[in-house]
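Reading through the structure tokens given below for one structure.
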Amino acid sequence: MKHHYFFAVKLPKEAKEFLYEWIQARKEDFPFARWVHPEDYHITLAFLGFAEKTMLEQAIEKVKSVLEKEAAFTLTFNSIGIFGPQKAPRIFWADVESSEELFSIQKAVYKECVETGFELDKKPFRPHITLARKWNSGDDFDIRTLMQIREGDEKPFSFNVTEVVLYETHLDKTPKYKEYANFPLAIPGC
């Protein structure tokens, strides 16, 4: 079986748990057919698709040398949204507040993958965490149900990004994504 690969920001355990619990409390309002396992929550930086071993190893080395210089940073959950037709969306997602560090890391990873020879999606980077797929209701999706992601006291939830991961896709398993290579970010002050 051929696996697909992608570089992504790994969400820490507490961010995955917060997002999962936040969604569980509101899940009945969003009848999607397939919910993503919380262990599979991530922010894709570059989707490689199928990769020959030698090309994959080259990309790993290039990305590693770039990320060694990058520092850990903080992201904050922002809101939920959709991709696809407004009445029956394909993807239900959570996003994060705009982050220069995130865009900088994505640009660097993307560049190294293209230079290795990968054909990557040319659409602008839209950082998001896929939560569910395929609207599954006789009623149209109500765009007014989209909201901010906040804690019970209405504070935003922030988390530290300390590593980027190259994931390998296993469509026949749950969770679907297996860590293939890890790229720790420098911890400021260490």
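Bear in mind the structure is a predicted one, so any value in this text is a computation, not a measurement. The first residue of the sequence shown is numbered 1, and numbering continues consecutively from there.
Heavy atoms from other residues, nucleotides or ligands lying under 6.0 Å from NZ of Lys64 number 12 at most. Within 6.0 Å of atom NZ in Lys27, more than 12 heavy atoms from other residues, nucleotides or ligands are found, so the atom counts as buried in its surroundings. Heavy atoms from other residues, nucleotides or ligands lying under 6.0 Å from CD of Gln86 number 12 at most. More than 12 heavy atoms of other residues, nucleotides or ligands sit less than 6.0 Å from atom CD of Gln148. Atom CD of Glu154 has more than 12 heavy atoms from other residues, nucleotides or ligands within 6.0 Å.
For the atom pair CD (Glu97) and CG (Leu102), the distance works out to 12.0 Å, reported to the nearest 0.5 Å. Atom CG of Asn160 and atom CG of Leu185 lie 10.5 Å apart (nearest 0.5 Å). Lys87 contributes atom NZ, which lies 12.0 Å from atom CD1 of Ile143 (distance to the nearest 0.5 angstrom). Of the inter-residue distances, the one linking Phe159 atom CZ with Glu14 atom CD reads 9.0 Å to the nearest 0.5 angstrom. Here the CD1-CG distance, from Ile82 to Leu131, works out to 12.5 Å after rounding to the nearest 0.5 Å. Taking SG of Cys113 as the start and CG of Leu48 as the end, the distance is 5.0 Å to the nearest 0.5 Å.
Hydrophobic clustering of Ile, Leu, Val, Met, Phe, Trp and Tyr side chains at less than 4.5 Å, counting indirect connections, unites Phe77 with Trp35. Under the 4.5 Å side-chain heavy-atom criterion for grouping Ile, Leu, Val, Met, Phe, Trp and Tyr, Trp135 is not connected to Trp93 through any hydrophobic cluster. Hydrophobic clustering (ILVMFWY, side-chain heavy atoms < 4.5 Å, transitive): Leu67 and Leu120 are in one cluster. If you chain together hydrophobic residues whose side chains sit under 4.5 Å apart, Val66 and Val114 never meet in one group. The same ILVMFWY cluster, assembled from side-chain heavy atoms under 4.5 Å apart, contains both Val36 and Leu19.
In this structure, Phe83 and Arg126 have side chains that are in contact, with non-hydrogen atoms separated by less than 4.5 Å. Contact annotation: the side chain of Phe141 never approaches that of Pro85 to less than 4.5 Å [non-hydrogen atoms, C-beta and beyond]. Counting heavy atoms from C-beta on, the side chains of Asp95 and Ile129 never come closer than 4.5 Å.
The aromatic ring centres of Phe50 and His3 sit 6.0 Å or more apart. Two rings, from His4 and Tyr167, have their centers 6.0 Å or more apart. With ring centers used as reference points, Phe92 lies under 6.0 Å from Phe30. Checked against the 6.0 Å centroid criterion, the rings of Phe103 and Phe125 qualify as a close aromatic pair. Ring centroid separation for the pair Phe7 and Phe183 comes in under the 6.0 Å cut-off. For Tyr41 and Tyr20, the distance between ring centers is not under 6.0 angstrom. The distance between the ring centers of Tyr177 and Phe6 falls below 6.0 angstrom.
With Thr44 contributing its side chain and Phe47 its backbone, the two residues share no donor-acceptor pair below 3.5 Å. Asp142 places a side-chain N or O within donor-acceptor distance of the main-chain N or O of Arg144, the cut-off being under 3.5 Å. With Ser137 contributing its side chain and Asp139 its backbone, the two residues share a donor-acceptor pair below 3.5 Å.
Looking at every heavy atom in both residues, Glu163 comes nearest to Pro184 through CB-CA, 4.0 Å. Across all their heavy atoms, Asn78 and Arg150 have their closest contact at O-NH1, 3.7 Å. Of all the heavy atoms in Leu171 and Lys176, the pair that sits closest is O-NZ, 3.9 Å. Contact detail for Val63 and Glu112: the closest heavy-atom pair is CG2-CB, 4.1 Å. The shortest heavy-atom contact between Arg133 and Ile91 is CG-CD1, 3.7 Å. Residues Val109 and Ala46 come closest through the heavy atom pair CG1-CB, 4.1 Å.
When Lys10, Lys173, Lys16 are each tested for a salt bridge (charged side-chain N to carboxylate O under 4.0 Å, His left out) with Glu39, only one passes: Lys16. For the side-chain contact (heavy atoms from CB on, under 4.5 Å) with Val96, the lone residue among Thr76, Ile149, Leu75 that qualifies is Leu75.
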From CA spacing to verdict: side chain to side chain contact (heavy atoms under 4.5 Å, CB included), Ile43, His128: CA-CA 6 Å; Ile43 299 172; His128 66 279; over 6 Å; no
Check against side chain to side chain contact (heavy atoms under 4.5 Å, CB included), Phe18 and Glu151: CA-CA 9 Å; Phe18 171 81; Glu151 295 193 61; 3.6 Å; yes
Trace of the side chain to side chain contact (heavy atoms under 4.5 Å, CB included) decision for Lys62 with Lys111: CA-CA 10 Å; Lys62 285 181 162 218; Lys111 178 180 172 281; over 6 Å; no
Derivation of the side chain to side chain contact (heavy atoms under 4.5 Å, CB included) call for Val161 and Thr74: CA-CA 6 Å; Val161 174; Thr74 301; over 6 Å; no
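Aromatic ring orientation, Tyr180 versus Tyr5: perpendicular (interplanar angle above 60°, classes split at 30° and 60°).
Counted by atom type alone, Glu101 and Ser99 present one or more donor-acceptor pairs between their side chains at under 3.5 Å.
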